[in-house]
Amino acid sequence: MSRHLRLALVQASAQSFEDFAQGLRSLMKSPNAAELVIYPELHLCSLGAETMSECEYYTAYAEPLDSPRGMALAGLARELGIWLIPGTVLERGADGAVHNTAVVYNPQGELVADYRKIFTWRPYEPMCPGRRFVVFDMPGTGRVGLSICYDAWYPEVTRHLAWMGAELVVNLVQTSTSGRAQEIPLNQANAIVNQIWVASVNGAAPTAQGHSLLVDPEGGIRVAAGMEDTTLLGVIDFDRVAATRKFGTSGDSWPWEQFRADDSPLELPLYNGHIDPATWRPAISPETRNDLRPAGPVVYCRPAGENGPQ
């Protein structure tokens, strides 16, 4: 069974919903049509943001996820029959708090995942941070984890998503500063140390610095952009993750096999905790081929959204 996924990374400047919908429909009639289409962070929430007060910004863009905006996004995914990550939206929670939230819709128009950014860019980003790691399953294909912009600077985020079984981590970005130069090697490092695919999608000039990229499980950059509006098309093979872990990165590194059953726990003073060798290995996607599963104890996935291997 093939576990290939055709995905489009749409590096674009901020858009109104109408322009976004028109552009997405056009994309799906072009050679860049894909099964999974991904847009940058706050893609639909950035127009005029630099001239708004915080109150005006939230009033203009913050809505519950089941608002008319959410229903319209779901309708687009259903109309086009695609998996859609329309960037992040400003979510107003039931308690009135505003979050920077990534949303994912399946081809049936169902909201299958929502992730609130954990590491908000303080002091410049006033949204409330989330407290939950999120992965979702694409049946017949693989498991995907979500991170947002500054999350990539904290290795704990990508490591936890990989531990939960993510074979691809999608990092949604709206970086308008020179910090994008550091985010490129950070995304490569996150891919290498976790042996996963990483797709980092930034906005285009003039609202952001661009340089979106797709990184494979050994750290190779498969496709990359400059600063202009563009769409990167990539085809990823989810079985590359299991193969890299089985045969080693560059044939000589097996980070997920580091601990043995008779190793004592490694104390982690920073976290007031420890690494337990018994729980070190990541979850395994149920779609992974049997011949690529590790020779050691097999750890099966919990349903998407539950925290980690069982």
Side-chain angles (χ1 to χ4, degrees), residues 1-9 34-36 38 83 85 133 135-147 152 155 157-171 184-201 212-224 232-261 263 275 277-304 308-310:
M1 178 185 69
S2 170
R3 292 214 296 146
H4 291 88
L5 174 70
R6 185 179 173 95
L7 76 168
L9 313 182
E35 299 164 83
L36 170 62
I38 308 168
W83 288 84
I85 303 179
F133 301 102
V135 299
F136 66 93
D137 288 320
M138 299 180 68
T141 303
R143 180 165 288 188
V144 181
L146 299 170
S147 76
V157 174
T158 312
R159 173 56 54 88
H160 208 97
L161 294 173
W163 180 77
M164 293 169 70
E167 298 158 291
L168 163 67
V169 167
V170 174
N171 179 237
I184 293 170
L186 284 172
N187 278 285
Q188 286 183 276
N190 284 330
I192 292 168
V193 299
N194 294 295
Q195 298 176 308
I196 57 171
W197 292 88
V198 172
S200 181
V201 189
S212 299
L213 69 161
L214 175 65
V215 187
D216 70 30
E218 296 184 83
I221 296 178
R222 302 299 295 270
V223 289
L232 297 177
L233 185 68
V235 178
I236 69 173
D237 178 2
F238 280 87
D239 280 331
R240 276 286 305 278
V241 172
T244 300
R245 292 175 181 177
K246 180 175 181 177
F247 299 109
T249 298
S250 297
D252 63 11
S253 293
W254 296 266
W256 289 110
E257 298 298 319
Q258 177 66 27
F259 294 99
R260 298 171 180 169
D263 284 341
I275 289 177
T279 60
W280 170 250
R281 285 189 176 93
I284 299 172
S285 168
E287 311 296 343
T288 301
R289 286 166 31 196
N290 287 333
D291 63 322
L292 291 178
R293 289 174 178 267
V298 175
V299 181
Y300 291 97
C301 287
R302 292 175 183 238
Q310 59 182 1

Any donor-acceptor pair under 3.5 Å linking the side chain of Asp216 with the backbone of Glu218?
-> yes
Within the distance-only criterion (no hydrogens, no angle test), does the side chain of Trp197 pair as donor or acceptor with the backbone N or O of Arg240 below 3.5 angstrom?
-> no
Who are the side chain to side chain contact (heavy atoms under 4.5 Å, CB included) partners of Leu186, not counting sequence neighbours?
-> Trp153
Which distance, rounded to the nearest 0.5 Å, do you find between the CG of Leu168 and the OG1 of Thr141?
-> 11.0 Å
Sequence-distant partners of Gln188, side-chain hydrogen bond (donor to acceptor under 3.5 Å, both in side chains), two or more places apart = none
CD1-CG distance between Ile38 and Leu7, expressed to the nearest 0.5 angstrom | 5.0 Å
Where is the tightest heavy-atom contact between Gly145 and Ala166, given as atom of each residue plus distance?
-> N-CB, 3.6 Å
How far does OG of Ser147 sit from CG of Asn187, to the nearest 0.5 angstrom?
-> 7.0 Å
Any chance you could measure Ser200, atom OG, to Ile184, atom CD1, to the nearest 0.5 Å?
-> 8.0 Å
Could you state the interatomic distance from CG (Leu213) to CG (Asn171), rounded to the nearest 0.5 Å?
-> 9.0 Å
Where do Phe133 and His160 come nearest, in terms of heavy atoms and distance?
-> CD1-CD2, 3.4 Å
Determine all donor-acceptor pairs shorter than 3.5 Å in which one atom belongs to a side chain in residues 246-256; sequence neighbours excluded.
unit_1, atom_1, unit_2, atom_2, d
Lys246, NZ, Asp291, O, 2.6
Thr249, OG1, Gln195, NE2, 3.0
Trp254, NE1, Lys246, O, 3.1
Trp256, NE1, Asn194, O, 3.1

Phe136 side chain reached by Leu146 side chain, heavy atoms, under 4.5 Å | yes
Ala34 to Leu233 - nearest heavy-atom pair and separation | CB-CD1, 4.2 Å
Which residue pairs satisfy the salt bridge (Lys or Arg N to Asp or Glu O under 4.0 Å) criterion with at least one member in residues 158-169, sequence neighbours excluded?
-> Arg3-Glu167
If you look at every heavy atom in Leu232 and Ala224, which pair is closest and at what distance?
-> CD2-O, 3.6 Å
Decide yes or no for Asn190 and Val169: does some side-chain heavy atom of the first lie under 4.5 Å from some side-chain heavy atom of the second?
-> no
Residues which pass side chain to side chain contact (heavy atoms under 4.5 Å, CB included) with Ala278, listed by chain and number, not counting sequence neighbours | Asp276
Side-chain touch Val198/Ile196, heavy atoms, less than 4.5 angstrom = yes
Donor-acceptor pair, side chain of Glu287 and main chain of Gly142, under 3.5 angstrom | no
What distance separates Trp83 CH2 from Leu5 CG, expressed to the nearest 0.5 Å?
-> 10.0 Å
Do the side chains of Val170 and Ile85 get nearer than 4.5 Å, heavy atoms only?
-> yes
Side chains of Arg245 and Glu257 in contact at under 4.5 Å (non-hydrogen atoms) | no
Can you check whether Met164's main-chain N or O pairs, donor with acceptor, with Arg143's side chain at less than 3.5 Å?
-> yes
